[in-house]
Amino acid sequence: NGDASHGQTLYEATCARCHGDDGKAINFGDEFVGTLAGDNPWEFLHKVSNGQPGTHMPAGLHMGWSLQDIADLLTFSQTLPAK
């Protein structure tokens, strides 16, 4: 039950500077933000909540995001290109 509009606001304010407006600036092997959000939402939720070890990706929960904020971000990210 995510709000894609609110998720887009969070994405544009925080994620887009590294991941790009379309989520394709960083390639994780053969996937992008949209691929991960669509194919493995649980992994997406975990990474956004806790950050990505060994990278500069911040933990949403440490930035004060609620679980609803993270669900909203997931909902928006599922609209990004997968390829």
Side-chain angles (χ1 to χ4, degrees):
N1 295 330
D3 176 351
S5 177
H6 181 241
Q8 182 175 6
T9 300
L10 294 170
Y11 184 88
E12 290 172 351
T14 307
C15 309
R17 80 181 81 140
C18 294
H19 291 284
D21 292 337
D22 64 357
K24 293 174 68 176
I26 299 174
N27 182 342
F28 316 109
D30 62 347
E31 50 181 39
F32 301 100
V33 172
T35 316
L36 183 61
D39 292 350
N40 196 341
W42 292 111
E43 182 179 354
F44 179 95
L45 291 169
H46 180 76
K47 287 183 180 200
V48 171
S49 296
N50 301 297
Q52 176 63 32
T55 71
H56 294 289
M57 182 173 164
L61 294 176
H62 291 177
M63 295 187 309
W65 288 3
S66 68
L67 293 178
Q68 186 62 57
D69 290 332
I70 296 167
D72 294 347
L73 182 64
L74 170 64
T75 300
F76 170 71
S77 296
Q78 289 172 330
T79 70
L80 295 173
K83 298 280 179 198

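Nothing fancy with the numbering, it's 1 onward along the sequence. Remember, predicted model here, so these are calculated numbers, not experimental data. Below, all heavy atoms of this structure are taken into account, side chains as well, without hydrogens, waters or symmetry copies.
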- Message: Between Thr35 and Asp30, is there a side-chain heavy-atom distance shorter than 4.5 Å?
- Response: no
- Might you confirm whether atom CD1 of Ile26 has over 12 heavy atoms from other residues, nucleotides or ligands at distances under 6.0 Å? yes
- Under 3.5 Å, is there a donor-acceptor pair between the side chain of Tyr11 and the main chain of Asp22? no
- Message: Test your reading of the model: is there a side-chain donor-acceptor pair from Thr9 to the backbone of Ser5, 3.5 Å cut-off?
- Response: yes
- Query: Is the backbone N or O of Met57 less than 3.5 Å from a side-chain atom of Gln52, with the two atoms forming a donor-acceptor pair by type?
  - Reply: no
- Message: Would you say that more than 12 heavy atoms from the other residues, nucleotides or ligands in this model lie under 6.0 Å from the CG of Asp21, or not?
- Response: no
- Query: Hey, mind stepping through Leu61 and Val48 against side-chain contact (heavy atoms from CB on, under 4.5 Å) and telling me if it holds?
  - Reply: CA-CA 8 Å; Leu61 294 176; Val48 171; over 6 Å; no
- Message: Can you confirm whether Leu73 sits close enough to Phe44 that some side-chain heavy atom of one is under 4.5 Å from a side-chain heavy atom of the other?
- Response: yes
- Item | Intermediate values then yes/no, side-chain contact (heavy atoms from CB on, under 4.5 Å), Asp3 and Phe76 | CA-CA 7 Å; Asp3 176 351; Phe76 170 71; over 6 Å; no
- Task: Answer whether the closest heavy-atom distance between the side chains of Lys47 and Leu36 falls below 4.5 Å.
- Result: yes
- Taking the side chain as every heavy atom from C-beta outward, state whether Pro41 and Gln78 have any pair of such atoms under 4.5 Å apart. yes
- How far apart are the closest heavy atoms of Pro53 and Gly51, and which atoms are they? CD-O, 3.7 Å
- Working for side-chain contact (heavy atoms from CB on, under 4.5 Å), residues Thr14 and Met63: CA-CA 10 Å; Thr14 307; Met63 295 187 309; 3.9 Å; yes
- Query: For His46, does its backbone N or O pair with a side-chain atom of Asn50 as donor and acceptor, under 3.5 Å?
  - Reply: yes
- Could you walk me through whether His19 and Phe32 pass the side-chain contact (heavy atoms from CB on, under 4.5 Å) test, one step at a time? CA-CA 9 Å; His19 291 284; Phe32 301 100; over 6 Å; no
- Message: Please find the pair of heavy atoms, one from Gln68 and one from Gly2, that lie closest to each other, and give the distance.
- Response: NE2-CA, 3.9 Å
